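Below, chain A is the first sequence line, B the second, and so on; all start at residue 1. Model, not experiment: these values are computed from the prediction.
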Amino acid sequence: MNESRNLKIYNTLSGKKEKFEPIVEGHVGMYVCGPTVYNDAHLGNCRTYVSFDIIHRYFIHLGYKVRYVRNITDVGHLTDDGEDRMAKGSKLAQLEPMEVAQKYTLGFHEMMRILNTLPPSIEPRATGHIPEQIEMVQQILDNGLAYESNGSVYFNVPKFVAEQPGVYGSVSGRVIDDLYAETRELKNQDEKAHPADFAIWMKARPQDLMVWNSPWSVGFPGWHLECSAMSTKYLGKTFDIHGGGNDLKFPHHENEVAQNHGACSCSPARVWMHTNMLLLNNKKMSKSDGNTISPSELFSGDSPHTSKAYSPMVVRFFMLMAHYRSTLDITDEALLAAEKGYKKLMETNELLQNLPVNPANFDGSENEHDRAILSMIDDAYQGMDDDFNTAMVIASLNEMGSYVHKLANQQLPADAIAPWVLDKMKATFNTFIFEILGLQNDADAAGNNQVVEGLMNLVLDMRSQARTQKDWATSDKIRDALAAIGIQVKDGKDGVSWSKQ
RNA sequence: GGUUUCCUGGCCGAGUGGUUAGGCACAGCUCUGCAAAAGCUGCUACAGCGGUUCGAAUCCGCUGGAAACCUCCA
């Protein structure tokens, strides 16, 4: 456990950054609302889960034992026409509902793997926790905070507000009176005692396919219940962190909190974290209104919004250049900038790891360069400690990168930096880039082929010979031919290197 | 209509009551057979108008603009 850290996290409940204090020393329990698997994962989902991946990774880095729970929603959400989403998708495709869920679950996992996110500790499915949800409905009924109406069960919001004041509205910052004033045309309004009430169990209609037996009717659980039931089951009644996208604050998270209170009179999570939206054309990306670019379109370049393909790691890096609580606008120009920045950082790290550490002629004193580098390392940690500010981390790494290049180019003598400081910088780079930011080096994957490596060495060796003989025609032909197939030759001071574009 | 958030240099994007974020682009230079690559240097902004303050881009107010939520959504 790294005792020196002073991690602060922005808590939606208080609207402030708070020092993180785990409930159980050395352990972190974190629940994040997962995807609904009735469609391909879209980039917005990816951003949220990349953001929480960083949080997950940093807790691990700090030495916490983390239980990270992220659910798969494979049932229970209604569409505008009142039909269960999963059922709708399955009817269109003539597939079993669970077949649809399985297909998109696998696709989601593949996308998470491509983006190099660590898997959660537990990934519970809503359909696998129907008994737990029924039990929770019963508890809420027993506590008098819900009522049955025509086979469905509704959460009694006004009663809850009266009995446990100050809770409802605390996540979304909504005022109760405003909520009550929003008398809209909603579904099943006639069954509800109050417009603000919401279903925790829905009686099925003939067209609903995914249904279960319950004490009240054959039906399915309410839209927010799964997270309440599953977080309680795996993390306890009160746990450290609950996260999700900004757009889930209301009604999803608000109702979730109400359900937990309604069941056990206790607050589910101490800290609520919300990630901000990914923007396209300066608007929220959204499946429903078509303002979207899919991950695969981004990776293949097959989109009207981009000029070329971007690798998953470039996309991940792009996301990390912004803070998770800020909106992030996707533009081709910004992606291009991220791609260059990513490649440069990777190359800088290669350069750094290959710098010789030479303690022999070091005089033992700590100089201004050492202090500057140590201060930058500290900045990187402070960035993470300040509500996971990855943008600050990247800035610090880039600043250190300037030193790396100066050393590599001998603009600074090799012994300008204390050996132990250089060692520490090497370790810091590796730790931050690969462990905490979770980046992978695309170049490793591309060049990790002995045949290619051998051929390139041969070709570049021939070019070097031609150059020694001032046979520019031959050397330029080799260079241009390689460029034509996307390989860039880089003539450096200490020899030739190459990279795939 | 209600609630909330945001408005930073050519672009993206951090941060802060007084001192260079960083990246990309651009310009100059170094290196180089030429080019590319790489490095160095430069480019110093904070929507507008008021107020608080010794001092505000940072706090407060107003105006303008944008977005999110209020309906499934990460």
_Nucleotide of B:A68, B:G33, B:C70 approaching A:S475 most closely (side-chain heavy atoms)_ =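 Closest nucleotide among those given: B:G33.
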With a 6.0 Å cut-off on the ring centroids, do [X] and [Y] count as close?
X: A:F432; Y: A:Y381; value: yes
X: A:H253; Y: A:W272; value: yes
X: A:F160; Y: A:F155; value: yes
X: A:Y234; Y: A:H129; value: yes

With a 4.0 Å cut-off on heavy atoms, is [X] in touch with a base, just the backbone sugar-phosphate, or nothing at all?
X: A:G44; answer: base
X: A:H42; answer: base
X: A:S402; answer: sugar-phosphate
X: A:D386; answer: nothing
X: A:L278; answer: base
X: A:V32; answer: nothing
X: A:E339; answer: nothing

_Results of side chain to side chain donor-acceptor pair (under 3.5 Å) for A:R316 - residues two or more places apart only_ = A:D53
Starting from [atom2] on [N], measure out to [atom1] on [X] and report it in whole angstrom.
X: A:N282; N: B:A67; atom1: CG; atom2: P; result: 6 Å
X: A:Y10; N: B:G15; atom1: OH; atom2: P; result: 13 Å
X: A:Q382; N: B:A14; atom1: CD; atom2: P; result: 19 Å
X: A:Q410; N: B:A38; atom1: CD; atom2: C1'; result: 13 Å

*For A:H56 and A:Y49, test the side chains for any donor-to-acceptor distance below 3.5 angstrom and give the result as yes or no.*
no
For the [atom1] atoms, the ones on [N] and on [M], what distance do you get once it is rounded to whole angstrom?
N: B:G15; M: B:U58; atom1: C1'; result: 9 Å
N: B:C6; M: B:A14; atom1: P; result: 12 Å
N: B:C26; M: B:G33; atom1: P; result: 25 Å
N: B:U41; M: B:C24; atom1: P; result: 14 Å
N: B:A27; M: B:G9; atom1: C1'; result: 16 Å
N: B:C7; M: B:G39; atom1: P; result: 31 Å
N: B:A67; M: B:U8; atom1: P; result: 14 Å
N: B:C12; M: B:G28; atom1: P; result: 25 Å

_Matching residue for A:R463 among A:D491, A:D471, A:D480 - test: salt bridge (charged side-chain N to carboxylate O under 4.0 Å, His left out)_ =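 That would be A:D491; it is the only one of A:D491, A:D471, A:D480 passing the salt bridge (charged side-chain N to carboxylate O under 4.0 Å, His left out) with A:R463.
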_Dot-bracket line, read 5' to 3' along RNA chain B, where crossing pairs take [ ] and | marks a partner on another strand, Watson-Crick or G-U under 3.5 Å_ = (((((((..(((.....[...))).(((((.......)))))....(((((..]....))))))))))))....
Phosphate OP1/OP2 of [N]: any [X] side-chain N/O under 4.0 Å:
X: A:N276; N: B:A74; result: no
X: A:N409; N: B:G39; result: no
X: A:S326; N: B:C6; result: no
X: A:S172; N: B:C70; result: no

_Going by side chain to side chain contact (heavy atoms under 4.5 Å, CB included), name the residues that satisfy it together with A:Q465, two or more places apart in sequence or in a different chain._
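Per chain and number, A:Q465 pairs via side chain to side chain contact (heavy atoms under 4.5 Å, CB included) with A:D461.
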*With sequence neighbours excluded, what pairs up with A:P295 under the side chain to side chain contact (heavy atoms under 4.5 Å, CB included) test?*
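Per chain and number, A:P295 pairs via side chain to side chain contact (heavy atoms under 4.5 Å, CB included) with A:L43, A:C46, A:M111, A:F299.
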*Reading 5' to 3' through nucleotides 17-28 of chain B, protein heavy-atom contacts under 4.0 Å coded B for base, S for sugar-phosphate only, - for none*: ----BSSSS---
Can you give the donor-acceptor pairs under 3.5 Å from side chains of residues 275-284 of chain A to other protein atoms, not counting sequence neighbours?
residue, atom, partner, partner atom, Å
A:T275, OG1, A:T48, OG1, 3.0
A:N281, ND2, A:N291, OD1, 3.2
A:K284, NZ, A:D247, OD2, 3.3

_I'd like to know if the side chain of A:S396 and the backbone of A:M392 have a donor-acceptor N/O pair within less than 3.5 Å._
yes
